[in-house]
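Right, one structure below, let's go through it.
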Amino acid sequence: DHAWASNGSEFPATVELSLPQPPSVSRVIVYAAPPWQSQGTLVDYELSKADRHKIDQEVELIYSWFVDQLNWDKHPRYPLKIRIFGSSAAFSAYAPDLEPWNAQRSHYKPSTREIVLRGEQLTDDTIATLRHEASHAILDMELRETPFWINEGLAEVFESSGAQRGRLNVTPNPQWVEILKLKLREGSLQPLAYYFTIPDHQWRMVGRREERSYYMISWAMMSFLLST
């Protein structure tokens, strides 16, 4: 009589599906139990207990930085929702109305206050992206309107950082340092004031190469401000 059954009161939980035509089913998406600060993580591959703990820890590190540096309340205004998809098809099916510039990119969605990630496994790259998007989500809790160079600059700073002794260790991005040095020698950078005045919509309208330059400059500006 029921299409599904579970032992949701136990851990680890299991879900048993009764499908009329199993060969026609290519993927089953499971809504997993929440860590402390997320309402749940929608995954289309198995997320281990260690992975869930890692996600929990990374988001907590970012929020703790805001508490320490900006004197934010230790208790978040609301929980973060994180959804992770292991395939392009599942990602696109969940968010079919994304703008073209965001169609296949991990992102934070302010309207639903959720982080939407792509990643077949919880690799270092996926974790770095999680830090980036968590920065957007946490900043959005307190500051609904933030200049792009601050919002993206902070996110890039966190993306290249890591954990050390239970705290966020903000470190330089050596690759971007060398690229910026090269651009300075070439004279290919705009005056600094130009980057402060780029309209928000222009960040989305430029090509990927120029967009990465914007991100590098915003990272450099925020890194400088945080170091002084």
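Quick note: numbers below take in every heavy atom, side chains included, and nothing from hydrogens, waters or symmetry partners.
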For this session: First locate atom CD1 of Ile127, then atom CD of Gln57, and finally report the distance between them rounded to the nearest 0.5 Å.
Result: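 Ile127 atom CD1 to Gln57 atom CD measures 9.0 Å (nearest 0.5 Å).
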
Problem set entry | Nearest-0.5 Å distance, CG of residue Leu154 to CH2 of residue Trp149 |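 Those atoms lie 9.0 Å apart.
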
Problem set entry | Residues which pass side chain to side chain contact (heavy atoms under 4.5 Å, CB included) with Glu178, listed by chain and number, not counting sequence neighbours |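 Side chain to side chain contact (heavy atoms under 4.5 Å, CB included) check on Glu178 returns Lys181.
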
Problem set entry | side chain to side chain contact (heavy atoms under 4.5 Å, CB included) involving Pro199 - partner list, sequence neighbours excluded |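 His201, Gln202.
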
For [X], all residues meeting side-chain hydrogen bond (donor to acceptor under 3.5 Å, both in side chains), sequence neighbours excluded:
X	value
Glu142	Arg77
Thr112	Glu114
Ser227	none
Thr197	none

Problem set entry | Evaluation steps, side chain to side chain contact (heavy atoms under 4.5 Å, CB included), between Leu80 and Tyr63 | CA-CA 11 Å; Leu80 296 186; Tyr63 189 83; over 6 Å; no

According to the salt bridge (charged side-chain N to carboxylate O under 4.0 Å, His left out) rule, which pairs have a member within [range], sequence neighbours left out?
range	answer
residues 62-73	Asp68-Arg167
residues 213-225	none
residues 182-193	none

Problem set entry | Ile150 and Leu143: CA distance, side-chain angles, deciding distance, side chain to side chain contact (heavy atoms under 4.5 Å, CB included) verdict | CA-CA 11 Å; Ile150 294 178; Leu143 305 173; over 6 Å; no

For this session: Go through the steps to decide whether Trp219 and Val177 satisfy the test side chain to side chain contact (heavy atoms under 4.5 Å, CB included), and finish with yes or no.
Result: CA-CA 10 Å; Trp219 165 83; Val177 168; 3.6 Å; yes

Heavy-atom pair of closest approach, residues [X] and [Y]:
X	Y	value
Ser106	Arg118	OG-N, 3.0 Å
Phe196	Met221	CZ-SD, 3.6 Å
Leu180	Leu189	O-CD1, 4.4 Å

Exercise. Name the one of Leu168, Asn169, Asn173 that satisfies side-chain contact (heavy atoms from CB on, under 4.5 Å) with Ser161?
Worked result: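 Among Leu168, Asn169, Asn173, the one that satisfies the side-chain contact (heavy atoms from CB on, under 4.5 Å) with Ser161 is Leu168.
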
Exercise. Under 6.0 Å from the OH atom of Tyr194, do we count more than 12 heavy atoms belonging to anything else shown?
Worked result: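 Counting other residues, nucleotides and ligands, OH of Tyr194 exceeds 12 neighbours.
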
Can you confirm whether [X] sits close enough to [Y] that some side-chain heavy atom of one is under 4.5 Å from a side-chain heavy atom of the other?
X	Y	result
Leu139	Tyr108	no
Ile55	Ile84	yes
Ile138	Trp72	yes
Phe66	Met141	no

Exercise. If you look only at pairs with a residue in residues 127-138, which of them pass as a side-chain hydrogen bond (donor to acceptor under 3.5 Å, both in side chains), with sequence neighbours excluded?
Worked result: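 Sorted result for residues 127-138: Glu58-Arg131, His132-His136, His132-Glu152, His132-Glu159, His136-Asn151, His136-Glu152.
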
Problem set entry | Check: Ser160 side chain, Pro172 main-chain N or O, donor-acceptor pair, under 3.5 Å |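 Answer holds: no.
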
Exercise. Between Tyr214 and Phe148, does a side chain to side chain contact (heavy atoms under 4.5 Å, CB included) hold up when you go through it step by step?
Worked result: CA-CA 10 Å; Tyr214 288 175; Phe148 257 53; over 6 Å; no

Problem set entry | Residues forming a ring-ring contact (aromatic ring centres under 6.0 Å, His included) with Tyr195, sequence neighbours excluded |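 Residues passing ring-ring contact (aromatic ring centres under 6.0 Å, His included) with Tyr195: none at all.
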
For this session: Output all residues satisfying salt bridge (Lys or Arg N to Asp or Glu O under 4.0 Å) with Glu145, sequence neighbours left out; order by chain, then residue number.
Result: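 By the salt bridge (Lys or Arg N to Asp or Glu O under 4.0 Å) rule, Glu145 matches no residue at all.
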
Exercise. What about Ile217 and Leu182, same hydrophobic cluster or not, with Ile/Leu/Val/Met/Phe/Trp/Tyr joined at side-chain heavy-atom distances under 4.5 Å?
Worked result: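 No; Leu182 is not reachable from Ile217 via cluster members.
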
